[in-house]
Asker: 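One structure, as structure tokens, below. Some questions next.
Just the heavy atoms: all of them, side chains too, but no hydrogens, waters or symmetry mates, feed the values below. This is a predicted model, so every value here is computed, not measured.
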Amino acid sequence: MENKVNVFETLNSINVKDKVELKAKLSYLSWAWAWAETKKKFPLATYTVFKDENNLPYIYDENLGYMCFTTVT
């Protein structure tokens with residue numbers, strides 16, 4: 001468990017203030033930027049993007065909008 005805490009603490013300590021964008025009045029951090037920072041700290045990190053039954057990497061909900069689901073290891 002301690003290893004996971006260290007990963008979180010390491011990534012959580014990265015200053016993202018100058019990389020945060022506003023989209024539709026919501027704070028947004030680019031996945032590409034965040035992933036690049038993750039790989040700098042943890043070069044062996046990987047991620048998986050889940051696809052729906054139509055092989056799309058996202059789902060659409062009328063109330064919530066578009067969503068994608070990933071896991072990071």
Side-chain angles (χ1 to χ4, degrees):
M1 183 67 152
E2 186 165 331
N3 189 25
K4 290 181 183 179
V5 171
N6 290 336
V7 170
F8 174 80
E9 288 174 359
T10 299
L11 295 175
N12 192 51
S13 70
I14 297 172
N15 183 351
V16 301
K17 288 182 182 176
D18 64 334
K19 301 298 180 188
V20 174
E21 303 171 40
L22 285 178
K23 290 192 176 190
K25 299 181 184 178
L26 299 173
S27 297
Y28 171 81
L29 186 63
S30 158
W31 168 262
W33 184 85
W35 184 245
E37 294 302 304
T38 300
K39 291 294 278 187
K40 286 179 190 175
K41 302 286 184 182
F42 301 99
L44 299 179
T46 61
Y47 71 90
T48 302
V49 176
F50 293 94
K51 296 184 179 182
D52 73 359
E53 62 275 357
N54 297 314
N55 204 34
L56 295 173
Y58 59 86
I59 63 169
Y60 176 75
D61 179 88
E62 196 171 292
N63 296 314
L64 300 173
Y66 290 94
M67 297 175 282
C68 64
F69 299 91
T70 63
T71 59
V72 176
T73 304

Asker: Would you say Val20 and Leu11 are hydrophobically clustered, going by side-chain heavy atoms of ILVMFWY under 4.5 Å?
Answerer: yes
Asker: Could you report the tightest heavy-atom contact between Trp33 and Asn15, atom names first, then the distance?
Answerer: CH2-O, 4.2 Å
Asker: At what distance, to the nearest 0.5 angstrom, does NZ of Lys23 lie from OG of Ser30?
Answerer: 8.0 Å
Asker: Which residue is it: Lys51, Glu53, Met67? I am looking for the one with a side chain to side chain contact (heavy atoms under 4.5 Å, CB included) to Ile59.
Answerer: Met67
Asker: Kindly compute the distance separating NZ (Lys40) from CD1 (Ile14), expressed to the nearest 0.5 Å.
Answerer: 8.5 Å
Asker: Determine whether more than 12 heavy atoms belonging to other residues, nucleotides or ligands lie under 6.0 Å from atom NZ of Lys39.
Answerer: yes
Asker: Hey, quick one: are Leu56 and Tyr60 part of the same hydrophobic cluster, counting side-chain heavy atoms closer than 4.5 Å, chains of contacts allowed?
Answerer: yes
Asker: Trp31 and Val49: same hydrophobic cluster, using ILVMFWY side-chain contacts below 4.5 Å?
Answerer: yes
Asker: Report yes if the side chains of Phe50 and Thr71 come closer than 4.5 Å at any heavy-atom pair, otherwise no.
Answerer: yes
Asker: Applying a strict under-4.5 Å side-chain criterion to I, L, V, M, F, W and Y, I'd like to know whether Phe69 and Leu64 cluster together.
Answerer: yes
Asker: Can you see which heavy atom on Cys68 is nearest to which on Pro57, and at what distance?
Answerer: CB-O, 3.3 Å
Asker: Do Thr10 and Phe42 come within less than 4.5 Å of each other through their side chains, counting heavy atoms only?
Answerer: yes
Asker: Testing the basics here: between Ala34 and Leu29, what is the closest heavy-atom pair and its distance to 0.1 Å?
Answerer: CB-CD2, 4.2 Å
